[in-house]
Amino acid sequence: QVQLVESGGGLVQAGGSLRLSCAASGRTFGSDAMGWFRQAPGKEREFVAAISWSGGTTWYANSVKGRFTISRDNAKNTEYLQMNSLKPEDTAVYYCAAQPRGSIRDGQYNYWGQGTQVTVSS
């Protein structure tokens, strides 16, 4: 059974940092792009960041560019999202995803984690 398990979420003050991790099990994703999405209450799920299979190419939503950094360790079958300079509007449930079926931004991925809550207080 393939599983993606996120960790590292929590409550942080504005301006603070968090590092999310997404550990995959059941198969390796060393040949697949992976991504992060988020969903705030009452809003649709939105793209945050994605990374190519090698880690050589990354993509970011404009709202997080310069503050968030996506990375991966294929030996550990894990991806990460380093979030700095957090803002209250970053509050959401963050989901990791693997193996996009089309565009890496449109949310069509074959595998999803269960999500981890990030809350940024003002």
Show every ring-ring contact (aromatic ring centres under 6.0 Å, His included) that has at least one partner inside residues 35-71, sequence neighbours left out. Phe37-Phe47, Phe37-Tyr109, Phe37-Trp112

So side-chain hydrogen bond (donor to acceptor under 3.5 Å, both in side chains) across residues 7-17, not counting sequence neighbours, yields Ser17-Asn84

Is any side-chain heavy atom of Thr116 closer than 4.5 Å to one of Leu20? yes

Roughly how far, to the nearest 0.5 Å, is OG of Ser52 from CG of Asp32? 11.0 Å

Pair Thr119-Gln117, side-chain donor/acceptor within less than 3.5 Å: yes

Of all the heavy-atom pairs spanning Ser122 and Ala14, show the shortest one and how long it is. CA-CB, 4.4 Å

Output yes when a side-chain donor or acceptor of Thr91 lies under 3.5 Å from a complementary backbone atom of Glu89, and no otherwise. no

Hydrophobic cluster identity match, Val48 and Leu86, side-chain contacts under 4.5 Å: yes

Value for OG (Ser25) from CD (Gln3), rounded to nearest 0.5 Å, stands at 5.0 Å

Output for pair (Arg105 CZ, Glu46 CD), nearest 0.5 Å, gives 11.5 Å

Distance from Met34 atom CE to Leu81 atom CG, nearest 0.5 Å? 12.0 Å

Would you find a donor on one side and an acceptor on the other, under 3.5 Å apart, between the side chain of Ser54 and the backbone of Gly56? yes

Checking Tyr94 now: which residues fulfil side-chain hydrogen bond (donor to acceptor under 3.5 Å, both in side chains) with it, not counting sequence neighbours? Arg38

Write out all pairs satisfying ring-ring contact (aromatic ring centres under 6.0 Å, His included) with one or both partners inside residues 4-34, taking only residues at least two apart or from two chains. Phe29-Tyr111

If you look at every heavy atom in Val93 and Gly115, which pair is closest and at what distance? CG1-CA, 3.8 Å

Could you check Asp90, Val118, Ile70, Thr69 and say which one makes a side chain to side chain contact (heavy atoms under 4.5 Å, CB included) with Met83? Val118

Please enumerate all residues that pass side-chain contact (heavy atoms from CB on, under 4.5 Å) together with Asp106, with sequence neighbours excluded. Ser103, Gln108

Value for OG (Ser21) from CG (Leu4), rounded to nearest 0.5 Å, stands at 12.5 Å

Drop me the distance from Tyr80's OH to Arg72's CZ, to the nearest 0.5 angstrom. 11.0 Å

Results of side-chain contact (heavy atoms from CB on, under 4.5 Å) for Asn110 - residues two or more places apart only: Gln99, Arg101

Grab the two heavy atoms, one from Glu79 and one from Ile51, that are nearest each other, plus how far apart they are. OE1-CG2, 4.2 Å

Just by modelled atom types, is the Ser85 backbone N or O under 3.5 Å from a matching donor or acceptor in the Arg67 side chain? yes

